Amino acid sequence: MSITQINGKTLLDLGYPKGPVFKMLLNIVNTNFHNRSLEDVSMLLKQLLIDPAAFTEDSYLSAPAKALLAPKKSDVIELQSPVPFSIFGESNIDVNAIRQMNNAVRLPVTVAGALMADAHPGYGLPIGGVLATDNAVIPYGVGVDIGCRMCLSVLDLPVSSLENKESYLKALQKDTVFGAGATLSKKADHAIIERKEFKELNLLKQLYDKAVGQLGTSGSGNHFVEWGIITVTDQEPEWGLAPGEYVALLSHSGSRGLGAQIAGHYTKLAKELCHLPEGFQHLAWLDLNTQEGQEYWTAMTLAGDYAAACHHVIHEKLIKTMGATLLRRVENHHNFAWKEVHNGQELIVHRKGATPAGKGVLGIIPGSMTAPGFVVRGTGVTAGLQSASHGAGRVLSRSAAKAKIKPEEMKQILADHGVTLIGGGLDEAPGAYKDINTVMKAQTELVEVLGEFKPKYVRMADGGPAED
DNA sequence: ATGTCC
């Protein structure tokens, strides 16, 4: 026997006006009409829309009928007075990022917020923004690249082997694939493609082939795969490595087309279901008690695991090519939402370009292709919502970097740091980023540094043409 | 970030 369930899209397709009647009908239909056929339910909903007056005494549908008959009242959600939030490294943050955060803490679902030291403006929530809400998830609070993350593998290769430049560069050429829409020529094998969610949600069904083809690729933008040296400095390393220098592999990428499509789909749905005032619409949320909210959570979780799988495929290939053994791995999402308990309340904590930094939690904060990245251990500070920055943060937009930075300057900085780059454009030049050391100083109370990673051989997507 | 599509 099949169970009939409808969602917001069903109502939109039937021609229902957006508003409070949506939530009423979803509850009524999905709890009381699930034994009826979808055809019967659709017919009934059509009649209700055409002649609501005929249903005002209906035992199930009187409330939505009356709502449809009521004079149209504005259904724009009212904002609350702002929840105070901490800003780390405020003097170094674009005012527009702070303005966006000021907006986010006025949502009626917001319980707490924090802005990280690498913050810059984004869609809705700024990059570097952390927002804790009550039972609501904001697709643009997670970001377009769901599950964008870092992965560091510390290997048993001798540091002196890095002198063998060609073998490391060749491995990067052979085992990594970059570019928008890029796929592997030989499909990667990983348990993620067996996940049942790909069969349970229509959207995920449609994205399955794309996900399989792009598994193990890196994408474009600020994503990279690089070899380098990690210097472990912590005297009592709880991560099982004695202080000293090691060869390490570091990657930065996300959930590729899969996550991007999920983000696009549910952001659109959120905007249709959650009506915010002008200027706030990118912050539209999905109630986790609705089918749409649950679907997003399921899809987001899958995209996060898929992003992790992509890193693991890349690392396994490179480790095998170099004949190395994995000593220790550290990895973390920095675009995601988590269910966490803060001050005794379960909250939805969105980190959009922020590293989880709960007490004792390890994470990676990359610098740039010539600046060090850091392995950190969170302190769990409440003011920072148990978070830290996800990198240095941009100081120049992509277009500004292309216009301002000269190719010779970029070459010189790479040479000065002994870094070899495959691909990479002026928009990713070190000069486009803030000074990572300034950013780290602004968050000393949020994270302790356990080790410092210096890039040596870096691969990124080919940069676009320079702009005039 | 994504083959730039609501």
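Keep in mind that what you see is a predicted model, and the values were worked out from it rather than measured.
A salt bridge links A:E340 to A:R351: at least one charged side-chain nitrogen sits closer than 4.0 Å to a carboxylate oxygen. Ion pairing between a basic and an acidic side chain is recognised when a charged N comes within 4.0 Å of a carboxylate O; A:K320 and A:E316 show no such pairing.
Residue A:H311 forms a side chain to side chain donor-acceptor pair (under 3.5 Å) with just one option from A:S218, A:S253, A:S153, and that option is A:S253.
Using a 4.0 Å heavy-atom distance criterion, A:S220 is classed as a sugar-phosphate-only contact. Counting any heavy atom pair closer than 4.0 Å across all strands shown, A:E272 reaches no nucleic acid atom. Using a 4.0 Å heavy-atom cutoff across all strands shown, A:G219 reaches sugar-phosphate atoms only and no base atom.
Considering only side-chain N and O atoms, A:N335 lies nowhere under 4.0 angstrom from the phosphate OP1 or OP2 of B:dA1. Proximity of A:K210 to the phosphate of B:dG3: a side-chain N or O atom is located under 4.0 Å from OP1 or OP2.
Spacing between atom CG of A:L258 and atom P of B:dT2 amounts to 12 Å, rounded to whole angstrom units. Across the protein-nucleic acid pair, A:H223 atom NE2 and B:dG3 atom P stand 12 Å apart, rounded to whole Å. The distance from atom CG of A:L207 to atom P of B:dT2 is 14 Å, rounded to the nearest whole Å. Nucleotide B:dC6 holds its P atom 13 Å from the NZ atom of A:K9, rounded to whole Å. Note: NE2 (A:H265) to C1' (B:dC5) measures 14 Å, nearest angstrom. Going from atom CZ of A:R256 over to atom P of B:dT4 covers 13 Å, rounded to whole Å. Distance A:R398 CZ to B:dT4 P: 18 Å, rounded to the nearest Å. Between the CD atom of A:Q261 and the P atom of B:dT2 there is a distance of 12 Å, rounded to whole Å.
Annotation: cation-pi pair A:R459/A:F224 absent, no NZ/CZ under 6.0 Å from the ring centroid and within 45° of its normal.
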Using the salt bridge (Lys or Arg N to Asp or Glu O under 4.0 Å) rule, take A:K406 and A:E408 through it: C-alpha gap first, then chi angles, then the decisive distance, then the call. CA-CA 5 Å; A:K406 293 186 169 46; A:E408 310 81 63; over 6 Å; no

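The side chain of A:K268 has B:dC6 as its nearest neighbour among B:dG3, B:dC6, B:dA1.
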